[in-house]
Every structure is written in structure tokens, then in C-alpha cells.
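To start, the structure itself, in C-alpha cells.
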Amino acid sequence: MADLLSELNQQQKTAVAVPPGPVLVLAGPGSGKTRVLTFRVAYLIAAMGIPAYQILAVTFTNKAAREMEGRVAALLGGKADGLWLGTFHSICGRILRREAAYLPIDHNYVIFDSDDQVSLVKRVIKEKRINNKDYRPTQVLAKISQAKNDLMGPDEFPIFSTRDETIKVIYKAYQEYLEASNAMDFDDMLLYTARLLEQHPEVRQKYAQRFRHILVDEFQDTNQAQYTLLYYLASQHKNIFVVGDEDQSIYRWRGADYHNVERFMKDFPEAKKILLEQNYRSTQTILNAAVAVINENTNRTEKKLFSDRGSGEEIVIYEAGDDYDEASYVVDTISRQLLLGQAKESDFAIMYRTNAQSRLLEDAFRRANMNYRLVGAQRFYGRREVRDVIAFMRLIYNPQDEVSLARVINVPPRGIGSVTLENLQEIARQHGLSTGDALLLLGSESGKEMETALGRSATRLIPFGRMLADWRVQLSRVPLTTLFDQVMLDTGYELYIKDDGGEDEDRWANVLGLRQVLLEYEDQGLAEFLEAMALVADQDTLPDTLDAPTLMTLHTAKGLEFPQVFIIGLDEHYLPHSRSRDDPEEMAEERRLFYVGLTRAKNRLFLIRARRRRSPYGSYESMQPSRFLEDIPVDLIRGRITRSYEQVDAYELNAIRWNQTYGPPKSSHQKSAPPAAPMQQFFPEMRVSHPVYGEGVVRKSRLEYGDETVEVYFEGLGLKALVASMSSLEVLGD
DNA sequence: GCATCGGATTTTTTT
DNA sequence: AATCCGATGC
């Protein structure tokens with residue numbers, strides 16, 4: 001194994017060959033983190049003689065898992081059989097299927113993705129007759145997800161307002177439906193596994209015993225549930241090797257908590273800490289800019305990143321007239337280099353904060369007749385026809401799946417409308433059955449009683465029930481694709497999808513594409529197919545064979561590198577995104593996001609902003625350059641940014657005029673208080689009372705032009721934005 | 001039960 | 001600008 005280590009630098013060697021025990025590797029960007037992980041796995045197996053099946057390696061994304069798998073296989077030449085390597089969710093799925101006996105659901109559960117979650121929450125909201133204007137499914141789900149990430153079930157759901165009480169009710173019903181559907185959502189996979197290990201010592205013992213070595217990638221992005229489950233898995237041998245970088249923590253909104261790094265050191269005080277500081281990716285110029293940006297964040301362990309790649313070229317800053325110009329600049333710059341033969345297509349990546357920003361870029365590429373690869377966004381698995389077909393398969397696999405049943409029971413239309421479905425659901429409830437089981441029963445010999453009870457609705461339902469029953473019989477007898485063809489034939493889906501709309505001839509092609517994927521799972525089975533459908537994101541499905549520039553969000557860019565990187569939309573409200581304006585923690589995360597983007601670049605970096613942009617709604621808006629641009633030392637930059645009155649948007653301009661005329665808004669009491677943090681009185685979740693609107697709960701509050709703007713939610717009235725000094729709001733004690 | 005229309009509303013990031 | 005929802009009419 002000497003030659004294995006000889007390819008590594010000193011710090012990397014130390015990490016790879018570290019003696020067993022807890023280890024924390026803090027790895028700067030481009031410092032060979034994945035390399036260390038894969039070499040460590042290889043080292044354990046080849047040098048220390050650990051059997052592969054006693055090793056668990058966890059990543060966040062499928063992409064990372066696949067990459068590790070490939071590299072380990074290359075290092076060991078296929079001696080890694082039995083190694084558990086996968087994403088958190090796939091590992092949990094594996095454990096949960098084996099240990100289904102301990103769960104509220106059985107082993108052929110299905111996984112609900114975010115669309116399924118939304119459908120289910122909608123149904124709950126409707127059934128509970130809750131005002132759907134005030135309770136948006138995505139918002140409710142965000143709260144539920146947050147709770148689950150913190151290992152809280154419906155009963156532990158924290159209540160701070162009447163709104164929370166309602167959400168708790170929805171959460172509870174939602175969870176009941178999931179169980180009745182023999183289903184779990186993404187968060188449940190983590191939650192169930194963590195609970196399983198916590199509450200059943202015999203199960204915990206089994207896995208903790210088995211996994212002599214645990215390795216974790218992107219540790220800074222773990223949430224509470226993930227941390228807990230790792231903690232229990234490592235409880236026996238304590239050989240847990242985690243790799244992370246606080247500065248690249250960008251999933252706070254998903255419950256990630258980089259404090260888990262500190263928690264790790266507390267829980268495993270004997271842990272060795274290793275820093276990887278040499279960057280092999282970027283030029284010193286790029287690295288310096290990135291360091292300057294990230295140094296503005298407080299509360300972090302400072303790393304001394306260095307590169308031996310030389311200073312390289314200056315960073316180019318381009319200020320476009322508008323967003324249209326921004327896109328053209330990117331495409332022009334790329335095509336010029338291509339024309340001159342200075343670069344190849346796949347050298348380039350273009351990154352942005354939100355998916356919506358890809359639109360103009362795509363147009364520009366198309367106009368220039370150039371290929372591009374778009375990661376994420378237009379989702380194959382999100383297409384209606386694809387989801388329909390998956391829903392059929394899911395229903396066959398697990399007839400209790402309420403969401404899939406509701407989705408396809410009338411697709412293609414077979415005369416089963418909402419009333420008929422509701423009747424069926426009601427009958428099912430009376431019999432203590434799931435809707436799907438009721439439907440199956442209805443289609444069978446013994447369904448007579450139910451048939452009479454349903455009356456006219458039954459005539460429509462019975463044929464579908466029989467069909468479903470038949471498919472289920474087929475499931476165990478014929479190959480998956482044969483079953484698939486049968487479903488398409490029985491339902492007349494081809495005709496239905498081809499007829500529909502007309503313009504999109506690709507739709508049937510998508511269905512056939514899915515059939516092709518199914519073919520690959522012929523040997524493994526439907527369960528594996530469905531799990532892959534749920535857990536494999538779209539970005540994993542893109543062909544990386546196409547030689548073309550890549551378009552992606554900053555989030556998906558993490559872990560990747562490109563010779564040339566464009567980051568567009570470097571304007572306030574875009575990056576940093578406007579939604580993080582009021583929360584310093586979120587602002588710090590925006591900065592980390594930018595840092596992640598900067599450090600993707602190997603040789604050249606282009607930072608682009610636009611003086612004005614078409615707002616997502618309606619007309620043009622003037623932009624201010626991103627505050628992050630100011631943090632890049634000027635000597636690293638070519639090009640400059642400007643700020644002028646013309647660019648100030650109307651709202652802000654009024655405030656400026658006001659100040660020029662009447663002097664800055666300053667309350668007479670506060671003399672020379674520091675300019676920041678003057679006197680915010682209202683904070684989210686506070687209960688307040690208003691003379692006219694009554695009692696409400698503060699959603700948001702911010703200081704603006706010397707006053708405080710408070711957004712308050714009043715039951716029955718909705719959200720109101722109030723100016724604190726004008727509205728005599730009063731804070732209510734608890 | 002289904003199609004159509006008009007009005008309202010909007011996701012930041014993803015397993 | 002595009003999508004979703006609810007109401008309306010057939």
C-alpha cells in the first residue's frame with residue numbers, strides 16, 4: 001500500500017492512514033476531499049484488512065456516491081464487494097426495508113416525493129376544511145419538514161401561534177395518511193432510521209456492531225436526524241471518519257446545521273482533527289478572492305488555503321446593461337474562445353442563484369446555435385406522463401398508496417370524477433380499508449355488498465378494480481416490461497397521451513424512455529425501480545457525454561470543478577437573495593454559496609451583474625451590485641462596478657430624496673447609537689395586538705429608513721404590513 | 001362529470 | 001408570464 005499513499009501530500013496521507021477512532025477532516029475547497037475519502041476506504045480494505053461489508057460510506061448526493069464508487073473500484077480492482085456506499089436516503093432505505101417489522105408500515109412501502117407530499121397536504125387541507133389561502137401546502141410542508149429534521153413527530157410539534165396549532169393538525173393527519181398509504185416521505189426515511197436505532201437497542205447493536213468503520217462526506221450539511229443516526233451507528237466502534245467544510249455549508253434551509261461539527265467534537269472528545277489546506281484546483285488569484293469573500297463571515301475556523309498553481313489570470317467583472325445583455329455576454333465570451341481554439345465546450349460552467357435565471361441563457365445559447373447542458377430544472381421525472389406511469393407502477397406494487405390511486409384512478413378519463421372517488425374513499429373508511437384495497441375488493445367476487453352501497457358509482461369503479469387486480473397477479477408472473485406494456489394497453493394510455501394537446505409529440509417518447517429504465521430493473525425488481533425513481537434526482541440522469549457548457553445553480557455546483565466559471569446575477573436581491581436580507585445567518589449562508597461558486601473555478605472566473613433586470617413579474621427594475629463584489633480586492637479584478645442614482649430603484653430613491661429634503665430619519669431619543677441595530681421591537685412569532693385588526697402574530701419585521709416595518713398575520717384577515725410608529729401595535733405577553 | 005373561463009398567486013436552493 | 005384554483009355552464 002505504500003504506492004497508494006505516495007500519490008498524496010502530507011496532510012492527505014495523515015488523514016488516509018490515521019489510526020482507527022473518530023476523525024474530523026476539515027477540508028478546504030479543492031483540497032482533495034473525495035480523494036482522501038476514497039483512499040481511506042481503499043486503505044481500510046487493502047492495508048488494514050477490514051472486510052468491505054464492515055464499512056459504511058455516506059454521501060449526500062447520488063452523484064457523489066457514484067463517483068466514490070467508481071474511484072474505490074478503480075483503486076481496488078473490484079475488491080469492494082459488500083461495501084455499503086450510498087446517500088443517506090438510500091442507506092436508510094436499505095436499513096428500513098430490512099427492519100420494517102419495527103415500523104408503522106410494512107416492507108413494501110413507497111417513497112413520496114415532494115409532489116406527492118403536496119398532493120397529500122392539499123387533500124388534508126381540503127378534508128379539514130382549512131382555509132387554503134392562508135395555509136399553502138409548500139409552506140406547511142416546510143414546517144413539517146423542519147420538525148422532522150429535528151426529530152419531532154406531530155405530537156412534539158412546537159406551538160408558538162394559532163397558526164402552528166393548525167399546522168400541527170395538518171401534520172398529524174398528513175402523517176396518518178402516509179402510514180395508511182404504506183408510504184414515507186424523504187424526511188421520514190431519516191427520522192424513522194434515527195428512531196429505530198434510538199428505541200431498539202437490539203437493532204442498534206446489530207448495525208453498530210456490523211459497521212466497524214463509518215465515513216461521511218459533506219459532514220457540515222448533516223441535520224439533526226442525520227447526526228443522530230450516525231451517532232448511533234458509530235456507538236459501538238467509534239470509528240467515524242467525517243469530512244467537511246463549514247464554509248461550504250449551504251443547506252441550512254434543509255435543516256443542515258454546521259454546528260454538528262462542534263457537536264461531533266463534544267461527543268467524541270478524543271477525535272483527531274486534520275486540516276486539508278492545499279488547494280489543487282484554483283489559481284492563487286481565484287483562491288485569494290474566495291478567501292477575501294469568506295473571511296467576512298464570523299464564527300468560523302480560519303483555514304490557511306494556499307495553491308501552488310501560480311497567480312493566473314485576473315478575475316473578470318462585467319457589468320451588463322440588462323439581463324439580456326448578461327446572457328449574450330456569456331455566450332459571446334464562450335463562443336469567441338471556442339472560435340479561437342482557446343478552450344473546449346465542456347470547460348465552461350455558468351452558475352446562478354435560482355433556476356429561473358437559466359431561461360435567458362438558454363435562449364442566448366439557442367440563438368447562437370450552441371449546445372448546452374442544463375442541470376436540474378426541466379425535470380424528466382416531473383413530467384406529467386412520467387409521473388402518471390410511475391403512479392400506475394406504484395399502485396400495483398402497493399395498492400394502499402392513496403396519492404397514486406387518486407392520481408391515476410381517472411387517467412385516462414374513465415368516468416370516475418371527484419364525487420365517485422370520494423364515495424369510494426368513504427366506503428373504504430367505513431370498512432376500515434385503504435381506498436385501493438376497497439377498489440380491489442369491489443372488483444372481486446366478494447365485493448357485492450360494497451357494490452350495492454356504492455350504487456351508480458360502482459359501475460365505473462369495478463372495471464378499474466378488476467384491472468388493478470389483474471396487474472397485481474401479473475406482477476409476480478411476467479417481466480416488468482411486459483406488465484408495463486399491459487398497463488399501457490389496458491388503459492389506452494398511448495392514445496390518450498398522443499391525443500392530448502398535440503404539440504408535444506415527445507410525450508410518448510418519454511413514456512418509452514421510462515420503459516427503457518424499467519428494463520434495466522427487470523432483474524432487480526419493482527421495489528428497487530420505484531426506490532430509484534424516488535431517490536434519483538434529475539441531475540443524475542443527464543448525459544455527461546455531451547461536450548457543452550454546463551448551466552446549473554450554485555447549489556448543484558458544489559463538489560464540481562471547471563476550468564472556466566461564470567457566475568451571473570451578482571446583484572442584490574439575487575445573490576444575496578432577497579429572502580435572506582433580514583436574517584444574518586441566512587446572509588452568511590448566501591456568502592458561503594458565493595464562496596462555493598468562486599472555488600469551482602480552476603483557471604478563469606467571470607463575475608457578471610446587470611444594471612437592470614426584468615423582474616419575474618412585469619417590467620424592468622434597477623439593480624444594485626451585490627455586496628459580495630465589494631469584498632473582492634481590486635487588484636485581483638479586471639473591470640469595474642458602478643453605483644449611480646439611475647440604478648437606485650424607485651422605492652429606495654424616494655427614501656433618498658426624503659432624506660435629502662428632511663434630513664435622515666433619526667429619532668430624537670437616540671443620539672449617537674451605533675448605526676446598526678437601533679430599536680427593533682418586533683420579532684417573528686411574537687404575539688401582538690392592533691386596535692383595529694385585533695390579535696395577530698408577527699411574521700417578519702425589519703428596520704427600514706429609520707422605522708420598523710412589521711408583517712403581521714391576523715387570523716381571518718391574512719397578512720398585513722404595518723409601520724410600527726404609525727400603527728400602535730402592542731406586544732402581548734405569553 | 002367535464003370543459004372552459006377568469007382571477008389570483010408565485011419556489012431559492014434538493015434528497 | 002405561467003400556472004393553479006374555483007366557479008360556471010353544458
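In what follows, every heavy atom counts, from backbone to side chain, and hydrogens, waters and symmetry copies are set aside. By convention in this document, chain letters (A, B, ...) are assigned in the order of the sequence lines, proteins followed by strands, and residues within each chain are numbered from 1.
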Looking at every strand, decide which applies to A/Lys558 at a 4.0 Å heavy-atom threshold: base, sugar-phosphate, or nothing.
-> nothing

Should A/Glu589 and A/Arg592 count as an ion pair when the cut-off is N to O under 4.0 Å?
-> yes

Full working for side-chain hydrogen bond (donor to acceptor under 3.5 Å, both in side chains) between A/Asp185 and A/Tyr174 | CA-CA 11 Å; A/Asp185 62 24; A/Tyr174 168 77; 2.8 Å; yes

If we ignore angles and hydrogens, is there a donor and acceptor under 3.5 Å between the side chains of A/Thr435 and A/Glu402?
-> yes

Check if the side chain of A/Arg353 and the base of B/dT13 share a donor-acceptor pair of N or O atoms closer than 3.5 Å.
-> yes

Hey, is A/Lys33 close enough to A/Asp245 for a salt bridge, meaning N to O under 4.0 Å?
-> no

Grab the CD1-C1' distance between A/Ile409 and B/dC2 for me, whole Å please.
-> 17 Å

Atom CG of A/Asp134 and atom P of C/dC5: how far apart are they, to the nearest Å?
-> 16 Å

With the threshold set at 4.0 Å, does a side-chain nitrogen-carboxylate oxygen contact exist between A/Asp247 and A/Arg300?
-> yes

Stacking check A/Tyr251 vs B/dT14 (5.5 Å / 30 deg) = no

Between residues 411-419 of chain A and DNA chain B, which residues have a heavy-atom gap below 4.0 Å?
-> A/Gly415, A/Gly417, A/Val419

Within 6.0 angstrom of A/Phe186 CZ, more than 12 heavy atoms from elsewhere | yes

Considering just the side-chain nitrogens and oxygens of A/Thr553, establish if one lies under 4.0 Å of OP1 or OP2 belonging to B/dT14.
-> yes

Spacing of A/Lys122 atom NZ relative to C/dC4 atom P, expressed in whole Å | 7 Å

Taking only residues two or more places apart in sequence or in another chain, which ones pass side-chain hydrogen bond (donor to acceptor under 3.5 Å, both in side chains) with A/Arg407?
-> A/Asp388

Pairwise C1' distance for B/dT13 and C/dC4, with rounding to whole Å | 23 Å

Compare the minimum distances between each of B/dT15, B/dT12, C/dA2 and the side chain of A/Thr61, then state the nucleotide with the smallest one.
-> B/dT15

For A/Asn410, which contact category applies under a 4.0 Å heavy-atom criterion: base, sugar-phosphate, or nothing?
-> sugar-phosphate

Specify the separation, in whole Å, of atom OH of A/Tyr574 and atom P of B/dT13.
-> 13 Å

With sugar-phosphate meaning primed atoms plus P, OP1 and OP2, does A/Ser578 contact a base, only sugar-phosphate, or nothing at under 4.0 Å between heavy atoms?
-> nothing

Quick one: on DNA chain B, does A/Phe88 or A/Ser580 contact a more 5' nucleotide (nearest heavy atom)?
-> A/Ser580

So, is A/Thr420 near the phosphate of B/dG1, with a side-chain N or O under 4.0 Å from OP1 or OP2?
-> yes

Do the side chain of A/His577 and the base of B/dT12 come within less than 3.5 angstrom through a donor-acceptor pair of N or O atoms?
-> no

A/Asn355 has an atom CG; how far is it from atom P of B/dT13, in whole Å?
-> 5 Å

Among the candidates B/dT11, B/dT13, B/dG1, find the nucleotide nearest to the side-chain atoms of A/Arg579.
-> B/dT11

Take the protein atom CE of A/Met587 and the nucleotide atom P of B/dT12, then report the distance between them rounded to whole Å.
-> 15 Å

Face-on cation placement of A/Arg366 at A/Tyr372 ring, 6.0 Å and 45° thresholds = no

Whether over 12 other heavy atoms sit under 6.0 Å from A/Arg97 CZ | yes

Nearest-Å distance for atom pair CZ/P, residues A/Arg460 and B/dC2 | 8 Å

Between A/Arg136 and B/dT10, does any side-chain N or O lie under 4.0 Å from OP1 or OP2?
-> yes

Reckon A/Phe60 touches a base, only the sugar-phosphate, or nothing at all at heavy-atom distances under 4.0 Å?
-> sugar-phosphate

For atom P, what is the distance between B/dT11 and C/dG6, given to the nearest Å?
-> 16 Å

Residue met sooner reading DNA chain B from 5', once A/Gln117 and A/Gln139 are mapped to nucleotides | A/Gln139

Rounded distance in Å - CZ (A/Arg94) to P (B/dT15) | 20 Å

